[in-house]
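Chain A is the first sequence line, chain B the second, and so forth, proteins listed ahead of strands; every chain is numbered from 1.
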There are 2 protein chains.
Amino acid sequence: MNRHDPRMSPKIVDVARTAGVSTATVSRALTAPGKVSAKTRAIVMAAVEETGYIVNHAARNLRRQQTGGIVVLVPNLSNPFFSQILSGIASVLSGAAFNVLIADTQQPKGADRQIIQYLHNNRADGLIVLDGGLPEHIFGNGDRQARPPAIFACEWIEGSEKLSVTIDNVAGAAMAIDHLVQLGHSRIGHVMGPPDNVLTIRRQEGTTAALERAHLPVRREWYFEGDFSLPSGVRAAKAWLALRDRPDAVFCSSDAMACGFMSELHRHGVRVPDDVSVVGFDDIEIAEHFIPTLTTIHQPRTTIGETAARMLLARINGGEDPVQSIRLPVDLVVRESTSAPRIA
Amino acid sequence: MNRHDPRMSPKIVDVARTAGVSTATVSRALTAPGKVSAKTRAIVMAAVEETGYIVNHAARNLRRQQTGGIVVLVPNLSNPFFSQILSGIASVLSGAAFNVLIADTQQPKGADRQIIQYLHNNRADGLIVLDGGLPEHIFGNGDRQARPPAIFACEWIEGSEKLSVTIDNVAGAAMAIDHLVQLGHSRIGHVMGPPDNVLTIRRQEGTTAALERAHLPVRREWYFEGDFSLPSGVRAAKAWLALRDRPDAVFCSSDAMACGFMSELHRHGVRVPDDVSVVGFDDIEIAEHFIPTLTTIHQPRTTIGETAARMLLARINGGEDPVQSIRLPVDLVVRESTSAPRIA
DNA sequence: CAATTGAATGTAATCGATTACAAGCAGCAT
DNA sequence: ATGCTGCTTGTAATCGATTACATTCAATTG
């Protein structure tokens, strides 16, 4: 039994022995200091220090019927959009002594079965779901599985009663369109996210509504399919270039697509904003430094993550009552990629 | 006791009862199918199906003296550079039935103490460390703490004996410089990463060595301080602009800095590559779509993550012998941001 | 046919912390 | 002095799965 052997690390009984008290007292001194006299507490703490004791989580969790972990379900981990949100989540959760487990829902490997395992409450005490594309039934509790509380963040499942932290996508899209309208644009296109995605739908609604409000044409061939990714922005640009009758301003449903769009236009000698104005959505870091810098709808990603984490904690600790879904505001950030149309 | 109560989910004894066997047999059927007759196995599996049994990890881990989790120590989670690596790690690890826990080492909250908790082996069965800036002693085993095996990925601690998955930073930097030299540049600058960082040091070594090999000047005022971030690239550009005698080609130690650099130059009417050639490092997704598209050193981030994860698994499962540190190759990707100097 | 072997299964100890319950004890009122 | 209250502390059951050890039983061998 060398020093790497887990069995050699001190147990609660070792602390109890050095402190000359029972294990119950040690446990109480550590987790409910009020239940122990000041003197004993000091003795116990000294013994903890001396032995180098660290609680065994498996044992604690088993006894307490919890897991000490929160699972974050991320659609496509490699998308940097989520890193900022994860950061917000992690900052709150590790402060609260929870482990943050991440799982990629797009992972091909027997995804369904594996995710369902994560949903079971002996794997996590709570879930934060960033993927609105999962089948709703896996969150249901129609069967014998005990499910931990879950919070949606960014995306959500339409009609689900679960709590969520979202932004006002309809308003965000409308702000983008209104900005273009105010600049004098009347021929406005839209690069959409992946079909069926809630964000895509809401932003599209906001776009269409704002166009109609301004009495501008809503033309189907000016709504380009995308999937939020850079390459899909490139594809949208190709589609734009292929049109005979082109919009002179385009609202892209993500900054990544906006960058891909502008990049491809540039390759073909089309200038932004001189020939086309472009608005993005998200305000990712590069937006401020792209050439041209990108006008976009800012969403507070770190705050989204933090808020979702705090909400989940409230749900886990407190009762079910006080917690409410939250919709965070967005704002328009005007930069260089938009200007008045060339021929006013 | 409603259906949300954890106590209502089926235990191994419930399965044993429905199957008409002992708990030992159920356990064996599930984890060591070979030790059980085919017939019993089938019966047990049916019972598992019927009851909807899912193993309780806390109990299993307690008994097996493991945690079922791997901790990834990330410096600054919000840096999208790491998302790709995390993705590689997660794909391998969740396939191997390990939980992936993430911890941000830059988290201000009592960082030291908290990270050390993660290093203890009752929190994780292994570590993947992406931060080379941690004090080495926390990995040491000079004290009574039992430490789980750890693997460095990307960064590492100089002189540490821990295994690592890295790329050839010296060669990468040299490739960047050689490329500029071949284009005919003789006045070459370098935007560095954060001081003391291993990557900064190696890439700087590679840069200096390649310049000397080409008999070109190595000028201290052409080495700009940075920290891998976009804004630091902007700052470097400001420093470049402030020089009277400027390099006409610059190798940036990260793509983010290269983008910030180019962006700021563009704001001041300096054109890339016409006035300055720029090379980056990393080949992040935007590199291919920036304006101009960025010449850079490609590093295989997903592969780095996967490799580190597989190495760690080998270390955990097998003995200590066969596993070796790995250095992955990098390649130069030539794009638009570099060209021959204006006045050859 | 008795003895031996090995595969399949069962019994019960075990992992380490938490906590229900019991007990001890000082202080105080009657 | 007796009994009561309330604060500390201890004893031992408990969480749920794994596995060392014991047992059963059929097959094989001399």
Side-chain angles (χ1 to χ4, degrees), chain A residues 1 5-45 47-48 51-68 97 117 120-123 125 146, chain B residues 1 5-45 47-48 51-68 97 117 120-123 125 146:
Chain A
M1 195 188 293
D5 193 308
R7 272 163 297 188
M8 85 147 294
S9 57
K11 315 284 165 243
I12 200 170
V13 293
D14 300 316
V15 179
R17 198 177 312 120
T18 15
V21 298
S22 74
T23 60
T25 301
V26 175
S27 178
R28 282 189 281 249
L30 257 26
T31 61
K35 291 189 167 183
V36 154
S37 76
K39 196 165 60 175
T40 346
R41 199 186 319 147
I43 298 174
V44 170
M45 290 315 185
V48 166
T51 53
Y53 171 73
I54 290 184
V55 65
N56 178 312
H57 291 92
R60 163 179 290 181
N61 291 336
L62 173 57
R63 175 60 221 230
R64 288 211 186 144
Q65 300 276 43
Q66 54 169 37
T67 73
Q117 295 254 328
H120 192 275
N121 73 348
N122 70 17
R123 181 85 81 144
D125 297 331
Chain B
M1 192 187 298
D5 193 309
R7 272 164 297 190
M8 86 148 287
S9 58
K11 315 282 167 249
I12 199 172
V13 293
D14 301 316
V15 179
R17 198 177 312 118
T18 15
V21 298
S22 75
T23 61
T25 300
V26 175
S27 178
R28 283 190 281 248
L30 257 25
T31 61
K35 291 188 165 183
V36 154
S37 76
K39 196 166 60 176
T40 337
R41 198 185 320 145
I43 297 174
V44 171
M45 290 315 185
V48 167
T51 53
Y53 171 73
I54 289 185
V55 67
N56 179 312
H57 292 92
R60 164 179 291 181
N61 291 336
L62 173 57
R63 174 62 222 232
R64 289 215 187 138
Q65 300 276 45
Q66 54 168 39
T67 73
Q117 294 256 330
H120 191 278
N121 73 350
N122 70 19
R123 182 85 81 140
D125 297 331

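The minimum heavy-atom distance between A/Val44 and A/Ala29, with the atom names listed, is CG1-CB, 3.7 Å. Scanning all heavy atoms of the two residues, the minimum distance from A/Ala16 to A/Ser22 falls at CB-C, 3.8 Å. Shown here for A/Thr31 and A/Pro33, the closest heavy-atom pair between the two residues is C-CD, 3.6 Å. The minimum heavy-atom distance between A/Ala47 and A/Thr18, with the atom names listed, is CB-OG1, 4.0 Å.
Looking at residues 23-33 of chain B, you'll see B/Thr23, B/Ala24, B/Thr25, B/Arg28 sit with a heavy atom under 4.0 Å from some atom of DNA chain C.
The CD atom of B/Gln65 sits 11.0 Å away from the CG atom of B/Asp125 when rounded to the nearest 0.5 Å. For the atom pair CG of A/Asn56 and CZ of A/Arg63, the computed distance is 15.0 Å after rounding to the nearest 0.5 Å. Distance check: B/His57 NE2 to B/Gln66 CD gives 9.5 Å after rounding to the nearest 0.5 Å.
Classification of A/Lys11 and A/Asp14 as a salt-bridged pair fails, no side-chain N sitting under 4.0 Å from a carboxylate O.
Nucleotide C/dT19 holds its C1' atom 13 Å from the CZ atom of A/Arg60, rounded to whole Å.
Between A/Val15 and the choices A/Val26, A/Leu30, A/Val21, the side chain to side chain contact (heavy atoms under 4.5 Å, CB included) rule is met once, by A/Val26.
Side-chain proximity of A/Leu62 to the nucleotides D/dA17, D/dG16, C/dT18 is greatest for D/dG16. Proximity note for A/Ala59 (side chain, C-beta onward) versus C/dG16, D/dG10, C/dT19: the nearest is C/dG16.
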With the criterion being N/O to N/O and under 3.5 Å, what pairs connect the protein with nucleotides 4-8 of chain D, and how long is each?
none

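Comparing the helix axis at one end of the helix from C/dC1-D/dG30 to C/dT30-D/dA1 with that at the other, each defined from 5 consecutive pairs, gives an inter-axis angle of 50° (nearest 10°).
B/Tyr53 has no side-chain polar atom (N or O) that falls below the 4.0 Å cut-off from OP1 or OP2 of D/dG16. Side-chain nitrogen and oxygen atoms of B/Gln66 include none within less than 4.0 Å of the OP1 or OP2 phosphate oxygen of C/dC15. For B/Gln65 and C/dT14, the shortest distance from a side-chain N or O to OP1 or OP2 is not below 4.0 Å. At C/dT14, none of the side-chain N or O atoms of B/Arg63 fall inside 4.0 Å of OP1 or OP2 (strictly under the cut-off).
Remark: side-chain polar atoms of A/Ser27 are not paired, donor with acceptor, to backbone N or O of A/Thr23 under 3.5 angstrom.
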